Amino acid sequence: MRSVLPSNPDLRRLRDLARALQRDCRSGDPSSQNRILAVFPDADVAQVALSKALAVVARGHGYPSWPRLKAEVEARRSLSADRMARRRKIYEGKAKILYEGPEPGTLIQFFKDDTTAFDARKRAVLEGKGVINNRISEFVMRRLSSIGVQTHFIKRLNLSEQLIREVEIIPLEVVCRNIVAGSLSQRFGLPEGQTLPRPIVEFYLKDDKLHDPPVAEEHIAAFNWASTQEIDDIVALTRRINDDLRGVFGAVGITLVDFKLEFGRVREGEVSHVILADEISPDSCRLWDSRTNEKLDKDRFRRDLGDVVEGYAEVAHRLGIAL
Ligand code: 5GP
């Protein structure tokens, strides 16, 4: 029977197939022996060499010999590496890269292992972080779409990348807080951990050079960063996302302390509306163990607490994401 070579074939898997064929043939399996004999009628099936099994696997995939199959696999791999290297980079941020997508109106979002804090004065590469954030963000975006929140997420493509809808990013960081922590605690001299009577939604201008200054709704409308209708929609969406995610994390023993969202505009003809963009992950949220208040988020990096990726993996694990 002819097998089809997958679009991204793996030589190791093909070699494993040949080894299994050799082993089964030597141990007397009639169908494996017949496959060998069909190509090498004079073969000693009890002692068949690996080179013969490799040749049979190659024939089974439509190639005259193992070296020809191997050359094809290597050519395809270098083509796909070349395509990866040549795809157009649209934007590179501190933790993510956006590439041109396969269809107009789509982009590929790549999650980097790089992490930065304090205006990028502190930097590190945390092996495995990108893969975990890709999975957690996928989980959260899917969850939000299931409750009717429109997001840019289309599908996860592989370990580190997801396909997203292209949006016109609104240059605001929208922070929602349930508990006093981080810059709120510093600004007003409040102890961390105090529960707020009502969640607070704040806006910051997304501008590294200006260190993301806090802005009021009046600034946003005055400088046309977003319309008043968009601001109202963003606040309503943020509160809805907060209500839902507090429940999602709470159910697995995690307190959602605060988080940052970004929104984008999508145009449909003359009209446009805002949808959720960027990511939701331990890079952009404060997540505390509900019992011990242990930090499971980027504060582990900011505050040199160690085991940063382990904290992120714990969040994934509790959400039921198998890494
Ligand atoms: P704070 O204002 O206390 O520093 O941050 C509030 C929340 O927003 C925290 O969960 C923090 O991780 C998130 N946040 C604030 N600024 C950024 C940012 O520039 N990038 C990311 N990924 N998260 C941010």
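Remember, it's 1-based here, ligands and their atoms both numbered in the order they're listed. In this text the structure is predicted, and so the values were computed from the model without any measurement. Along the sequence shown, residues carry numbers from 1.
The protein heavy atom nearest to atom 10 (O) of ligand 1 is Asp258 OD1, 2.7 Å. Scanning the protein for heavy atoms near atom 22 (N) of ligand 1, the closest one is Asp283 O, 3.2 Å. The nearest heavy-atom contact from the protein to atom 2 (O) of ligand 1 is Ser183 OG, 2.6 Å. Looking at atom 13 (C) of ligand 1, its nearest protein heavy atom turns out to be Lys260 CB, 3.5 Å.
Every atom of ligand 1 is numbered from 1 in the order shown, and the set under 4.0 Å from a heavy atom of Gly182 is 3 (O). Within ligand 1, counting atoms from 1 as listed, the ones closer than 4.0 Å to a heavy atom of Val175 are 6 (C), 8 (O).
Heavy atoms of Arg177 found under 4.0 angstrom from ligand 1 belong exclusively to the side chain. When heavy-atom distances to ligand 1 are checked against a 4.0 Å cut-off, Cys285 comes that close only through its backbone atoms N, CA, C and O.
In summary, Asp114 and Lys129 do not engage in a salt bridge, as defined by a charged side-chain N under 4.0 Å from a carboxylate O. Looking at Arg303 and Asp299, a side-chain N of the basic residue comes within less than 4.0 Å of a carboxylate O on the acidic one, giving a salt bridge. Look at Arg87 and Glu161 and you find a salt bridge, because one of the NZ, NE, NH1 or NH2 atoms lies within 4.0 Å of a carboxylate O, short of that distance. Taking the charged nitrogens against the carboxylate oxygens, Lys260 and Asp278 do have a contact shorter than 4.0 Å, which makes a salt bridge.
For the residue pair Ser145 / Thr151, no side-chain donor-acceptor distance below 3.5 Å is found, with atom types taken as modelled.
Closest to atom 19 (O) of ligand 1 by heavy atom, among Lys298, Glu173, His211, is Glu173. Among Lys94, Glu192, Glu262, Arg286, the residue whose heavy atom lies closest to atom 4 (O) of ligand 1 is Arg286.
Side-chain N or O atoms of Asn134 include one that pairs as donor or acceptor with a backbone N or O of Leu159 at under 3.5 Å.
Every pair passing salt bridge (charged side-chain N to carboxylate O under 4.0 Å, His left out) that includes a residue from residues 225-240 is listed here, sequence neighbours excluded: Glu230-Arg265.
Annotation: Arg302 places an N or O atom under 3.5 Å from an N or O atom of ligand 1; distance criterion only.
Ring pair Phe223/Trp225 is tilted by interplanar angle, where 30° to 60° counts as tilted.
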